2 protein chains.
Amino acid sequence: MGARKSDTRERMLESAVALLREHGARATSIDRVLAHSGAPRGSFYHHFPGGRAQLVEEAVARVGGFVAGLLDEAAASGDALRGVDAFFALWRERLVESGFRAGCSVVAVAVETNDEAPQLARSAAAAFARWTDALADLFAGQGLPAARARRLAAFTVAAVEGAVIMCRAERSAAPLDAAAAEIHDLLSNTLRPPRSTI
Amino acid sequence: MGARKSDTRERMLESAVALLREHGARATSIDRVLAHSGAPRGSFYHHFPGGRAQLVEEAVARVGGFVAGLLDEAAASGDALRGVDAFFALWRERLVESGFRAGCSVVAVAVETNDEAPQLARSAAAAFARWTDALADLFAGQGLPAARARRLAAFTVAAVEGAVIMCRAERSAAPLDAAAAEIHDLLSNTLRPPRSTI
DNA sequence: GTCTATACGAAGATAGAC
DNA sequence: GTCTATCTTCGTATAGAC
């Protein structure tokens with residue numbers, strides 16, 4: 001009935017996420033987002049009165065939420081190894097399908113954010129924190145003490161993000177696969193088997 | 001004697017490295033490099049006829065060489081754990097002394113390089129490769145099979161770089177310390193003791 | 001090696017019409 | 001919600017004098 005909820009805003013956000021991944025934060029200009037999304041020029045500041053900073057901040061929050069959702073799904077299964085493997089698989093797919101041109105939007109913002117609005121750094125930190133928390137819960141659920149679980153979770157996020165960067169630079173999945181194998185082995189030796197298999 | 005070798009070029013390069021670390025690749029503009037280094041405007045294209053891309057490429061190569069030098073020093077001692085600890089310590093110092101504003105110049109270029117000259121990606125990949133090679137040598141020197149040594153080396157580089165990014169976002173050294181602790185434990189359990197202690 | 005001047009484009013943001 | 005100017009600033013690059 002009546003006015004369908006506008007998807008212009010939605011498309012701009014999705015374009016911002018994609019451009020952040022491939023070209024970085026500073027290169028994700030309003031012009032480019034408009035061109036990529038096909039959204040009309042004149043409505044940008046209508047949807048994002050806070051300007052470019054607001055768009056980027058919301059794009060980062062969206063990625064943070066999306067990936068956290070994946071991890072929470074894995075948490076429901078109670079199998080930490082599966083959750084971690086899914087985390088690696090997600091980034092691997094992104095790399096391969098983009099010809100090793102696309103990385104992580106959150107990283108892009110974290111690396112380029114010193115000149116921009118301070119809430120951007122906070123937004124990136126919040127995304128990393130969500131992923132770390134989700135992984136820590138996963139690990140703690142399999143018998144690891146809380147402190148170690150957190151340490152291992154932060155370590156896992158760092159390894160994935162660092163490996164994705166290396167993969168882009170050398171246009172190969174080898175660094176991510178190396179990290180996945182090492183983390184997998186480490187977790188196998190550290191965690192006790194999931195409850196369902198005892 | 002006579003004409004002292006000009007240090008203008010040198011200062012521009014050092015400024016580029018510093019700006020890449022703190023503000024990213026795109027934000028490392030010629031204007032900013034000149035302002036930071038105090039170098040005269042008119043001589044930029046004299047020293048870097050290839051323009052901004054040449055400057056950035058050389059800056060990345062310089063960082064790559066510098067860090068590789070540190071790792072090679074550690075390799076001379078034959079103690080892999082010491083080498084890895086020095087690697088972590090280097091980045092920790094950079095983070096702390098900058099108030100968690102400075103990261104890795106090579107990462108900045110790797111993340112933002114899709115729009116710029118293709119040799120920039122290659123330059124970043126070369127830096128990562130040098131570090132990975134140096135660490136792999138270190139690990140292989142302590143009894144690890146070559147393939148595993150390489151895998152572990154790439155993993156270590158990825159963990160450090162990813163952790164540095166997280167540290168910047170959350171303005172804390174916790175992620176790097178977590179990664180250092182996990183890598184340290186992993187290596188202790190994986191490598192045999194250095195030759196000197198047998 | 002260094003200086004000034006300048007051309008040119010891209011980017012963020014705002015104003016006012018529709 | 002969308003459109004068309006328009007302002008301003010910044011960035012790369014070149015030309016030509018000194």
Side-chain angles (χ1 to χ4, degrees), chain A residues 1-16 18-20 22-60 108-109 112-120 123, chain B residues 1-16 18-20 22-60 108-109 112-120 123:
Chain A
M1 350 139 175
R4 184 173 51 100
K5 203 175 140 209
S6 148
D7 62 344
T8 298
R9 191 188 147 91
E10 199 61 20
R11 282 187 294 124
M12 286 196 273
L13 266 172
E14 277 305 323
S15 288
L19 290 168
L20 285 170
E22 268 208 45
H23 301 284
R26 243 179 128 109
T28 301
S29 64
I30 296 174
D31 277 14
R32 256 169 127 155
V33 169
L34 294 174
H36 186 275
S37 63
R41 265 208 108 44
S43 64
F44 181 85
Y45 284 93
H46 170 74
H47 292 295
F48 299 96
R52 208 183 72 97
Q54 184 187 350
L55 172 71
V56 172
E57 190 188 352
E58 289 192 34
V60 168
V109 172
E112 297 180 63
T113 208
N114 269 345
D115 290 331
E116 315 212 27
Q119 73 259 29
L120 291 187
S123 185
Chain B
M1 352 225 158
R4 183 175 52 99
K5 203 175 141 211
S6 147
D7 62 344
T8 298
R9 191 189 147 89
E10 198 62 21
R11 283 186 291 123
M12 286 195 274
L13 265 173
E14 277 305 324
S15 288
L19 290 168
L20 284 172
E22 270 208 42
H23 302 283
R26 244 179 129 103
T28 302
S29 65
I30 297 174
D31 277 14
R32 253 168 130 155
V33 168
L34 294 173
H36 186 274
S37 63
R41 268 209 102 49
S43 64
F44 182 84
Y45 284 93
H46 171 73
H47 293 295
F48 300 96
R52 206 183 73 98
Q54 185 187 351
L55 171 72
V56 172
E57 191 188 353
E58 288 193 34
V60 168
V109 172
E112 298 180 62
T113 208
N114 269 345
D115 291 331
E116 315 211 26
Q119 72 259 30
L120 292 186
S123 185

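Quick caveat: nothing in here was measured; it's all calculated off a predicted structure. Quick note on labels: first sequence line is chain A, next is B, and so on, each numbered from 1.
In this structure, A/F44 places its CZ atom 15 Å from P of D/dG1, rounding to the nearest Å. At whole-Å resolution of the value, CG in A/L19 and C1' in C/dA11 are 15 Å apart. Distance CZ (A/R26) to C1' (D/dG11): 10 Å, rounded to an integer number of Å. Counting to the nearest Å, the C1' atom of D/dG11 and the CD1 atom of B/I30 are 8 Å from each other. The distance from atom OH of A/Y45 to atom C1' of D/dT2 is 15 Å, rounded to the nearest whole Å. Remark: C1' of D/dT12 and CG of B/D115 are 15 Å apart, rounded to the nearest angstrom. Between the P atom of D/dT2 and the CZ atom of A/R9 lies a distance of 13 Å, rounded to the nearest Å. When rounded to the nearest whole Å, the span between CG of A/L34 and P of C/dA13 equals 13 Å.
Atom-to-atom distance recorded for B/Q54:CD and B/F44:CZ is 8.0 Å, nearest 0.5 angstrom. Put simply, CD on B/E14 and CG on B/D7 are 11.5 Å apart, with the number rounded to the nearest 0.5 Å. Atoms CG and OG, on A/L19 and A/S29 in that order, are 8.0 Å from each other to the nearest 0.5 Å.
Closest to the side chain of A/P40, out of D/dT2, C/dG12, D/dA13, is D/dT2.
Contact check, A/R41 against D/dC3: no side-chain N or O comes under 4.0 Å of OP1 or OP2. Note on B/S43: a side-chain N or O is less than 4.0 Å away from OP1 or OP2 of C/dT2. Contact check, B/H47 against C/dT2: a side-chain N or O comes under 4.0 Å of OP1 or OP2. Contact annotation: A/T8 side-chain N/O to D/dT2 OP1/OP2 distance is under 4.0 Å.
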Item to complete: Carefully, step by step, assess A/R9 and A/E58 under the rule salt bridge (Lys or Arg N to Asp or Glu O under 4.0 Å).
Response: CA-CA 11 Å; A/R9 191 188 147 91; A/E58 289 192 34; 2.3 Å; yes
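Nearest-nucleotide assignment on DNA chain D puts the 5′-proximal partner with A/H46, out of A/H46 and B/G50.
Between B/S123 and the choices B/V56, B/T113, B/V60, the side-chain contact (heavy atoms from CB on, under 4.5 Å) rule is met once, by B/V60.
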